[in-house]
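Would you mind keeping the following structure in view while I ask a few things?
A, B, ... follow the sequence lines: proteins, then strands. Residue 1 opens every chain. Nothing here was measured: the structure is a model prediction, and the numbers come from that model.
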Amino acid sequence: MSATDSPVSSNFIRHIIAADLAVNKNQGKVATRFPPEPNGYLHIGHAKSICLNFTLAAENNGTCNLRFDDTNPEKESIEYMEAIERDVQWLGFKWAGKYHASDYFEQLYSYAVQLIEQGDAYVDSSTPEQMRADRGSLTEAGKESPDRSRSIAENLDLFTRMRAGEFADGQYVLRAKIDMASPNINMRDPTIYRIRRVHHQRTGDAWCLYPMYDYTHCISDALEGITHSICTLEFEDHRPLYDWVLDKLQTPCHPQQIEFARLQLEYTIVSKRKLLQLVTEKHVSGWDDPRMPTISGLRRAGFTPEAIRDFCERIGVTKNDSWIEMGVLENCIREDLNERAPRAMAVLRPLKVVISNWDEAKTETYHIANHPQKPEFGSREVSFSKTLLIEQDDFMENPPKDFKRLVAGGEVRLRGSYVIKCDEAIKDAAGNVIELHCSIDPATLGKNPEGRKVKGVIHWVSEQHSVPAELRLYDRLFSHPNPDTLNNFLDGINPNSLDVLSDCRVEASLLNATPDTCYQFERTGYFCADYVDSTPEKLVFNRTVTLRDSWGK
RNA sequence: UGGGCUGUCGCCAAGCGGUAAGGCACGAGGUUUUGAUCCUCGCAUACCUAGGUUCGAAUCCUAGCAGCCCAGCCA
């Protein structure tokens, strides 16, 4: 709904594709790919890329592949691959084909041999330190390695033996022979193969030689017939290398690399290294902690795929270095959930209310609408009895002037029920209000009282008809708008990012709540049953987002 | 200070030589048995700056200024 209904505005990539289609470039085909490295969980920044690639393809009757960029087995794992597939599917996308860079290892190797034969690559024995020194600086040209002039025959022999495992890790690398004086450092004879005896999650121990990203990515794109290879801005400087490799080789096609600005969201981080650190150091409960900006964290918090897709469409696609306010994401989920979430009543911090003019044994049951604007949502039964529970915050002894809830001697509407009047506040020895004695106006069920106006409406549950629940109130993980700018990003962590309320009472209809359904607990926020911890015996709800509150207390 | 890229409302963002879309935020009203939702209205004589070309410039030219990215055998 929200994802497909939101106005689609143009962006520079849509323009490029439209222009290409207009001149029948690539035979009018559009083929994209989403190329994650399986070294962590997908986050909201990936969602932007996923939505971009998949929708661009879909809009143009094209295809979008899922391709794992698994060229660095040291950091990658099957667990991450499975999580990535799950998250992409959950977001609502279907890939045309699922591939791995490792599927192309053999072809990549042949192409490398070809480069050597053409005199476009050489085996270098420089140490990493030496290579760094020889690379020059931003303002000075680099120095050529002595090995740069090695004969083709010798390069071929050495490269064959590198693959055969005759050398130690790091002893040799294969380098593209380009230009050590290039103003673009990526063109100063970049390494394209390194020796690394690491077990690969898919190819096992078949290889001790692994290709580098720059060399692998462009060829993988070409082999898959990708037309538009969309990536983030930091790869802009790599485009000449992308094109150089494909120009040197006879690949099936030469995709066009297009770069866009990665998502930057206030009060969060999306560095995989830092997200991993949050997990391993237990600052959060896991990759799917509801405070994590990961797709799985957002899902567990109660976000919907539609809201995330809507968000990705709203923030746009440009090359600008921009920061998105959290409010934009929050607005997307509120807007979606306002439409689809059934309403219910939950009391977070209960305060006992005894109705003095109500019989102990009497119970009344009402049908309350599940959605105020959508009758098709139906209704559920809510019981009323002598002892009720309301929110502690909804009663004040010394209220500010504009307080429109319950006060001593005042009246308030119980949502879906009677208007009650507070006759007396009972306190404990310390002076805390522990119970209220109230009386109902029997003439106010389903109609307004005569001769006076009752402004306030509060939520409530019947003590004996409600059930206990734990509510986890999540807030943003960081209190600093840009934790990355801190010396230690952990210093930006919000110490109050989680408030666990274990003595909440919710209406009995919530007993069969499942994580698939997000509820609006009226006047408090949107909540979703926790898929890990919630059971009928012990209900646990996660707060997705609060309701907008213009009272600003 | 080499190379690449970017500068339109508080935050995003359309615009592509014909006289500043839209969203979020914010402000003012209205409806409401959620201080929610919904509705109405308001919100850039102005497009980083300075010159220039033009009948006409955010859009073209020139010169500045500011910010981001790059020196992994990471992606």
So, does Glu391(A) use its side chain to make a donor-acceptor pair with the main chain of Leu348(A) at under 3.5 Å?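 Yes, the answer is positive, given that a donor and an acceptor are paired below the 3.5 Å cut-off.
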Taking the minimum atom-to-atom distance to the side chain of Arg314(A), which one of G35(B), A14(B), C24(B) wins? C24(B)
Checking the side chain of Glu507(A) only, and the main-chain atoms of Met345(A) only, is there a donor and an acceptor separated by less than 3.5 Å? yes
Taking any heavy-atom pair under 4.0 Å as a contact, classify Glu259(A): base, sugar-phosphate, or nothing.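 Touches nothing.
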For a quick check, tell me whether the side chain of Arg413(A) and the base of U33(B) share a donor-acceptor pair closer than 3.5 Å.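 A donor-acceptor contact between them is present.
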Quick one: what's the B/S/- string for nucleotides 68-75 of chain B, heavy-atom cutoff under 4.0 Å, read 5' to 3'? SBBBSBSB
Choosing from G23(B), C5(B), U33(B), which nucleotide comes nearest the side chain of Val457(A)?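 The answer is U33(B).
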Using a cut-off of 4.0 Å on non-hydrogen atoms, how would the nucleic acid contact of Gly446(A) be classed: base, sugar-phosphate, or nothing? base
Determine whether a donor-acceptor pair (N or O, by modelled atom type, separation under 3.5 Å) exists between the side chain of Ser379(A) and the backbone of Ala369(A). no
If I pick the P atom on C39(B) and the same atom on G4(B), what distance separates them, to the nearest angstrom? 49 Å
Within a radius of less than 6.0 Å around CZ of Arg163(A), do more than 12 heavy atoms belonging to other residues, nucleotides or ligands occur?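 Atom CZ in Arg163(A) is crowded, with more than 12 foreign heavy atoms closer than 6.0 Å.
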Nucleotide C12(B), atom C1' - distance to CZ of Phe311(A) in whole Å: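 Computing the Phe311(A):CZ to C12(B):C1' distance gives 10 Å.
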So what does Lys404(A) hit on the nucleic acid, given a heavy-atom distance under 4.0 Å: a base, only sugar-phosphate, or nothing?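 Here Lys404(A) touches the bases of the nucleic acid.
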Taking any heavy-atom pair under 4.0 Å as a contact, classify Lys453(A): base, sugar-phosphate, or nothing.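 Touches nothing.
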When you get a sec, tell me which of G35(B), U34(B), C24(B) is the closest nucleotide to the side chain of Leu547(A)?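 Shortest atom-to-atom distance from the side chain points to U34(B).
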State whether the distance check finds a donor on one side and an acceptor on the other, under 3.5 Å, for side chain Glu313(A) versus base A13(B). no
Atom C1', compared across G52(B) and G42(B): separation rounded to whole Å: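 Looking at atom C1' only, G52(B) and G42(B) are 38 Å apart.
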Mind checking if Glu325(A) touches a base, just sugar-phosphate, or nothing, with heavy atoms under 4.0 Å? base
Walk me through it: do Tyr418(A) and Phe384(A) pass the test ring pair (Phe, Tyr, Trp, His ring centres under 6.0 Å)? CA-CA 10 Å; Tyr418(A) 300 95; Phe384(A) 183 96; 5.4 Å; yes
If you look at every strand shown and take non-hydrogen atoms under 4.0 Å, does His15(A) touch a base, only sugar-phosphate, or nothing? base
Scan Lys404(A), Arg452(A), Lys421(A) and name whichever one has a salt bridge (charged side-chain N to carboxylate O under 4.0 Å, His left out) with Glu411(A).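 So, applying the salt bridge (charged side-chain N to carboxylate O under 4.0 Å, His left out) to Glu411(A) and each of Lys404(A), Arg452(A), Lys421(A), only Arg452(A) qualifies.
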Neighbour count >12 (heavy atoms, 6.0 Å) for atom NZ, Lys374(A):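 Yes - once you tally the heavy atoms of other residues, nucleotides and ligands closer than 6.0 Å, there are more than 12.
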Under 4.0 Å between a side-chain N or O of Ser550(A) and OP1 or OP2 of A36(B)?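 For Ser550(A), the contact criterion (side-chain N or O under 4.0 Å from OP1 or OP2 of A36(B)) is met.
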Once you round it to whole Å, what is the distance between P of U32(B) and CD1 of Ile458(A)?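 The distance from CD1 of Ile458(A) to P of U32(B) comes to 21 Å, rounded to the nearest Å.
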